[in-house]
There are 2 protein chains.
Amino acid sequence: MTSARITINDVAKAAGVSKGLVSLALNERRGVAPETRDRILGAARDLGWSPNPGARGLTTRRAYALGLILRRDPRTIEVDPFFPAFIAGVETVLSARGQVLVLSVAADHDAEAAAYERLSTDKRVDGFLLTDLLADDMRIRLVESLGMHAVSLGSPTADSVFPVISRDYDEGIDALMEHLISLGHREIAHVSGDEQMLHGRRRRERYEHAMREAGLVPNVIATDFSPEQGAGATKALLDGPRRPTAIVYGNDPMAVAGMGVAHERGLRLPRDLSITGLDGSQIGTYIYPSLTTLDNDPTEWGIAAATALLRLVEDGETSNVTLPPAGLVVRASTAAPSTGQH
Amino acid sequence: MTSARITINDVAKAAGVSKGLVSLALNERRGVAPETRDRILGAARDLGWSPNPGARGLTTRRAYALGLILRRDPRTIEVDPFFPAFIAGVETVLSARGQVLVLSVAADHDAEAAAYERLSTDKRVDGFLLTDLLADDMRIRLVESLGMHAVSLGSPTADSVFPVISRDYDEGIDALMEHLISLGHREIAHVSGDEQMLHGRRRRERYEHAMREAGLVPNVIATDFSPEQGAGATKALLDGPRRPTAIVYGNDPMAVAGMGVAHERGLRLPRDLSITGLDGSQIGTYIYPSLTTLDNDPTEWGIAAATALLRLVEDGETSNVTLPPAGLVVRASTAAPSTGQH
DNA sequence: TTGAAAGCGGTACCAT
DNA sequence: ATGGTACCGCTTTCAA
């Protein structure tokens, strides 16, 4: 089956008009007689025609595509519950508008910067979705200097001209800490994520705030968010001078790894050690004990981010979005500490 | 900083030649004097110019992009250790060639088919990477009828004109079964993945083959590969008439979920129940007990698939690729069965 | 070996 | 309201 390449000229011919008019009709511009409009659109539908984005972009200077660039160490790339659902959310917005997502993965900062530049100079995308924001993130200035649009997930520390999508975690972290404290925990440790990352740092700060509010002393080990370092941090804590009765992990994969360490040492969970994550992954439901965490909703992030970015690209409107705050999800991995030896 | 839009004309001017010649030089066509060639390429480099893929594709009929469409239930989209690393592999190949990956996520079969059609008719991609192959997969014929190129991960049951990337799992499954049997297990159950999916079915068949070879009777529960159904299947098996001493899960996330169920019932792993996965994820290293599984290497899949697809698109060469067979990775989740009551 | 010009599939402007 | 035409950035003939 040779799918006939059908173009705007075919539609024009079929509708008995000039191709300029077809363009006007398609783009819902005024100045086209209603009945002509219908005839044109009908012909387009009959022929199964939709405009070629490449040709279109040649004059409109648009790519009709959004870019997402992930920086990930290839060795630890695997576990991240956030992205698949996030991308699904982005897609629902894009596909409804005939747009497309260009995904790139970069191993390090240099490759990352190169990827932004390439997608930009090659006019592959109209804007970028900035995730995993770092403190003083170079990408803000980079993307700005490239003359590209963007939205960021979370508020950059430096000045940013881009719309911000955000969700409050402070409230959820407060609730989580209160939950642990009211169970009787005093030695509550935090295995924080990459402190370069804004949300990692922010969570750590709120944990510390909550601890001090309760008259307790914070106990933090920083990691890179990988299960590997999560496991290592757990061992360090259990062997350390201030052995915790509860550990709050910066993300769920680390919490799962931490449980592995605890089980390995013969601890009975949650009696001997309470464990929590911070971003509500599905797998947390099926591990044992099921994981107390905060809810998230990556799909919602994706929808909001893509919508805001498209508004910026198409209408030049910069509108921030605040998602509903993350709430506490109590499952089975937290309980009152045992009063036994330690 | 207004990044000057620099085009082929600027390069032509700088090199003192016509834009036609610039094109010839850039595309390494013969008939360009060596010294002119160098001058042109030098000018291009100085100006930081690379050709606009959209404009280019207008005449070459290429998108300089590859497409990957994932069909995933939004509710269970989260856990799949395969894709991030697979995509990273694809990316290493694409970025080196100035190409790009277009990623799409579809909720169901209809949306999936629509996505293939859209990326195809809009000339968004030059070919598709077909993953998660189903038995008698409609996509083979669909993509063919769209006149698009593709490669498939695994061999389609129906005739396919597309290159096939494959890796032998039979050998690894045999080794895994032998491992369990030699430990003394007789009641070895299999929680299989989606039987619609080719690799899920194939794995189940090999498990059954190995059981019969050993004079044992297969015991299979089919699932959709989700942790949720993995947990459910585990409960059914533990409550069933033929309570297994070992369970082979179709993928690692289900194995993790299965462990959760076992722990919940107070079983001591691996003494009371041996558990294995089948696709070597990183998280398997950090759970307790660490997971016996087969190794995989999604990045390798990605590199091979993208390379083969690009060869097909650019040179018309259809070359199958066979990756090294998956090997057994023995960790701590398998041991001799306890001889106690049951 | 090189230049000039047509054409790819659209959009946008200027007449009418 | 509609048609004609130039033009977007690049590739590809065809002459020279």
Side-chain angles (χ1 to χ4, degrees), chain A residues 3-41 43-44 47-65 98-100 120-124 126 314, chain B residues 3-41 43-44 47-65 98-99 118 120-124 126 314:
Chain A
S3 60
R5 350 182 76 274
I6 115 106
T7 77
I8 196 173
N9 286 306
D10 302 316
V11 178
K13 211 160 298 172
V17 297
S18 71
K19 63 173 188 169
L21 251 202
V22 175
S23 177
L24 292 187
L26 183 85
N27 295 304
E28 298 173 322
R29 311 299 219 57
R30 21 170 289 167
V32 182
E35 56 174 21
T36 336
R37 204 193 76 101
D38 293 348
R39 188 154 35 89
I40 292 172
L41 265 31
L47 294 173
W49 176 78
S50 62
N52 179 322
R56 210 180 178 192
L58 217 45
T59 46
T60 61
R61 305 199 175 302
R62 293 253 284 118
Y64 303 99
Q99 318 232 356
V100 122
S120 170
T121 64
D122 287 357
K123 302 281 178 291
R124 291 288 201 169
D126 299 315
E314 297 180 344
Chain B
S3 61
R5 346 183 77 275
I6 114 107
T7 78
I8 195 172
N9 285 307
D10 302 315
V11 177
K13 210 160 298 172
V17 297
S18 71
K19 62 175 185 166
L21 251 202
V22 175
S23 177
L24 293 187
L26 183 85
N27 295 304
E28 299 175 322
R29 309 300 219 56
R30 19 170 289 163
V32 182
E35 57 174 21
T36 336
R37 203 193 77 99
D38 293 348
R39 189 154 35 90
I40 293 172
L41 264 32
L47 295 173
W49 175 78
S50 61
N52 179 323
R56 208 179 179 193
L58 217 43
T59 47
T60 61
R61 305 197 173 305
R62 294 254 283 119
Y64 303 98
Q99 318 234 353
R118 187 164 74 88
S120 170
T121 65
D122 287 357
K123 303 282 178 295
R124 291 287 202 169
D126 299 314
E314 297 181 342

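Chain letters run A, B, ... following the sequence lines, proteins first and then strands; every chain starts at 1.
- Residue B:Arg29 is in sugar-phosphate contact alone, with no base atom involved, counting any heavy-atom pair closer than 4.0 Å across all strands shown.
- In this view, A:Arg62 and A:Asp126, A:Glu314 satisfy the salt bridge (charged side-chain N to carboxylate O under 4.0 Å, His left out) rule, not counting sequence neighbours.
- Residues passing the side chain to side chain donor-acceptor pair (under 3.5 Å) test with B:Ser50, sequence neighbours excluded: A:Asp122.
- For A:Thr121, the side chain to side chain donor-acceptor pair (under 3.5 Å) criterion is met by no residue, not counting sequence neighbours.
- Rounded to whole Å, the distance from NZ on B:Lys13 to C1' on C:dT2 is 18 Å.
- Nearest heavy atoms, A:Trp49 versus A:Ile6: CD1-O, 3.3 Å.
- Where the helix from C:dT1-D:dA16 to C:dT16-D:dA1 starts and where it ends, the local axes point in directions that differ by 40°; five pairs per end, rounded to 10°.
- Residues B:Val11 and B:Ile40 approach most closely at CG1-O, 4.0 Å, considering heavy atoms.
- In this structure, B:Glu28 atom CD and D:dT11 atom C1' are separated by 16 Å, rounded to whole Å.
- Looking at which nucleotide of DNA chain C each of B:Gly16 and A:Tyr64 is closest to, the 5′-most match is held by B:Gly16.
- Sorted by residue number, the list of members of residues 31-38 of chain A with any non-hydrogen atom under 4.0 Å from DNA chain C is empty.
- For residues 10-21 of chain B, there are no side-chain hydrogen bond (donor to acceptor under 3.5 Å, both in side chains) pairs, not counting sequence neighbours.
- Regarding B:Lys123, its NZ atom lies at a distance of 14 Å from the C1' atom of C:dG10, rounded to whole Å.
- Under the side chain to side chain donor-acceptor pair (under 3.5 Å) criterion, A:Arg124 pairs with no residue at all, not counting sequence neighbours.
- With sequence neighbours left out, A:Arg56 forms a side chain to side chain contact (heavy atoms under 4.5 Å, CB included) with A:Leu26, A:Asn27, A:Pro51, A:Tyr64.
- Distance, A:Leu21 CG to D:dG4 P: 11 Å, rounded to whole Å.
- A donor-acceptor contact shorter than 3.5 Å links the side chain of B:Arg39 to the backbone of B:Ala15.
- Atom P of nucleotide C:dA5 and atom CG of B:Leu24 are separated by 17 Å, given to the nearest angstrom.
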Contacts under 3.5 Å, N or O only, protein and nucleotides 14-16 of chain C:
none

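- Summarising the geometry, atom CG belonging to B:Leu58 is positioned 6.5 Å from atom CG belonging to A:Asn52; distances are rounded to the nearest 0.5 Å.
- Within the 4.0 angstrom heavy-atom criterion, no nucleotide atom of any strand lies near B:Val22.
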Footprint string (nucleotides 5-10 of chain D, 5' to 3'): B base within contact, S backbone only, - free, heavy atoms under 4.0 Å: ---BBB
